[in-house]
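These notes concern the structure reproduced below.
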Amino acid sequence: MELTARQNELLTLIQRNAPITGEMLAEMLGVSRPTLRSDLAILAMLGLVEAKPKVGYFPGKKLQREMPQFAQVLDLRVKDVMSLPQVVRNSATVSDAAVMIFMQDVGSLAVLDEEDLLTGVVSRKDLLKVLLAGGTTAAQLPIVTAMTRQASIITLDPEASLLEASRTLNRHHIDGVPVVKPVKDSKGELRSEVVGRFTRKHLTMIFADLLESMAGTE
């Protein structure tokens, strides 16, 4: 059975963004969700996609068998693709963090305490809010006034699968997270050591490499 242009586009979006909901697919394609129901039903019937209630759509087992490169990607872990962490000390100012975040061209920085352990995360949006609301002295405020504190930080374990990483980014509508491993601080309390960072750019690069490898086998 030959797939339609929209079905092929759905297949590409599901491969790239899984797990992804019907609502998200409809929004990406600029159509209503009912419009896609028949296409998604056909893809599921052919075994090219699978759906899990309250989670979303995934590439189906048939697609994975026909695309061994995709199966290899599913075996990757966050530690295999993460980049070095971008960090700032909690003694830094808002100005220090702003300079660093734009010089490094990253979306956020992990904030470390005196023991080099995670105490917060500061993003471009956090810095912008402080600089716009704080007046002429805002740039010299301590970074702790702008950061998201540890209790509210979303992180990933280095052993997490790419599927879990993708799901985390999609669920929380964020572009990147610190990758951490648990350690005990000087008081014996369980804390987080930052060992890397994982972003949507990593997923995009992986997908691009996957498409290139698939094209090379044709």
Side-chain angles (χ1 to χ4, degrees), residues 1-83 104-108 123-125 154-179 196-218:
M1 178 179 177
E2 185 175 352
L3 300 180
T4 67
R6 187 162 67 194
Q7 289 165 357
N8 276 314
E9 192 170 3
L10 281 169
L11 207 54
T12 298
L13 289 173
I14 292 170
Q15 290 169 333
R16 184 184 302 172
N17 300 288
I20 183 169
T21 65
E23 289 86 351
M24 294 170 66
L25 288 168
E27 182 177 352
M28 288 179 174
L29 295 177
V31 299
S32 65
R33 187 181 179 188
T35 302
L36 299 181
R37 283 177 182 165
S38 59
D39 291 319
L40 290 169
I42 289 172
L43 293 176
M45 179 184 67
L46 294 174
L48 298 176
V49 303
E50 295 180 6
K52 292 185 178 181
K54 298 182 179 181
V55 177
Y57 291 92
F58 300 80
K61 290 183 173 60
K62 180 179 179 181
L63 187 64
Q64 294 178 33
R65 288 196 300 269
E66 294 177 354
M67 295 167 49
Q69 300 95 334
F70 188 80
Q72 292 173 6
V73 168
L74 290 180
D75 288 335
L76 289 174
R77 300 292 164 180
V78 166
K79 66 180 181 181
D80 299 321
V81 298
M82 68 183 187
S83 56
Q104 298 295 334
D105 191 24
V106 292
S108 62
S123 68
R124 293 184 183 220
K125 185 181 294 185
I154 307 301
T155 63
L156 281 172
D157 187 281
E159 295 294 337
S161 67
L162 292 189
L163 181 60
E164 181 182 346
S166 174
R167 185 181 299 166
T168 297
L169 297 184
N170 287 335
R171 183 187 304 124
H172 296 283
H173 306 288
I174 50 181
D175 292 326
V177 295
V179 181
R197 60 191 298 268
F198 185 88
T199 70
R200 290 189 184 276
K201 287 184 179 180
H202 291 102
L203 292 174
T204 301
M205 292 171 61
I206 293 165
F207 182 69
D209 289 343
L210 174 61
L211 289 180
E212 186 174 344
S213 66
M214 289 167 55
T217 61
E218 293 179 354

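Side chains included, hydrogens not; waters and symmetry mates left out as well; all remaining heavy atoms used. Please read these numbers as outputs of a predicted model, since none were measured by experiment.
- Taking all atoms of both residues into account, the shortest heavy-atom contact from V78 to D157 is CB-O, 3.9 Å.
- Across D105 and K201, no two heavy atoms sit closer than the pair O-NZ, 4.4 Å.
- Here the side chain of R33 pairs no donor or acceptor atom with the backbone of E27 at under 3.5 angstrom.
- A distance-only check finds no donor-acceptor pair linking the side chain of N8 to the backbone of A5 [under 3.5 Å].
- Here the OG1 atom belonging to T199 is positioned 8.5 Å from the CE atom belonging to M205, to the nearest 0.5 angstrom.
- At distances below 3.5 Å, not a single donor-acceptor pair connects side-chain atoms of R197 with backbone N or O atoms of G176.
- The closest side-chain heavy-atom distance from L10 to V49 is not below 4.5 Å.
- Annotation: side chain of L162 is not in contact with side chain of D80 (no heavy-atom distance under 4.5 Å).
- Between the CG atom in L169 and the NE2 atom in H202 there is a gap of 10.5 Å [rounded to 0.5 Å].
- Nearest heavy atoms, Q15 versus P59: CA-CG, 4.1 Å.
- Counting all heavy atoms, side chain and backbone alike, L36 lies closest to G22 at CD1-O, 4.5 Å.
- Within the model, atoms CG of N17 and OG1 of T12 stand 10.5 Å from one another, a figure rounded to the nearest 0.5 Å.
- Residues R171 and I154 fail the side-chain proximity criterion, which asks for heavy atoms closer than 4.5 Å.
- Although no hydrogens or angles enter the test, the distance criterion places a donor-acceptor pair under 3.5 Å between the side chain of T168 and the main chain of E164.
- Although no hydrogens or angles enter the test, the distance criterion places no donor-acceptor pair under 3.5 Å between the side chain of N170 and the main chain of I20.
- With rounding to the nearest 0.5 angstrom, the CG atom of L13 is 12.0 Å from the CZ atom of R6.
- Remark: side-chain polar atoms of T155 are not paired, donor with acceptor, to backbone N or O of P178 under 3.5 angstrom.
- Across every non-hydrogen atom of T35 and S32, the tightest pair is OG1-OG, 2.7 Å.
- Using a 4.5 Å cut-off on side-chain heavy atoms (C-beta onward), S161 and R77 make contact.
- Note that CG of L25 is 7.5 Å distant from OH of Y57, once rounded to the nearest 0.5 Å.
- Taking the side chain as every heavy atom from C-beta outward, V179 and K79 never approach each other to under 4.5 Å.
- Taking all atoms of both residues into account, the shortest heavy-atom contact from D39 to Q7 is OD1-NE2, 3.0 Å.
- Here the side chains of F198 and L203 are in contact, with some heavy-atom distance below 4.5 Å.
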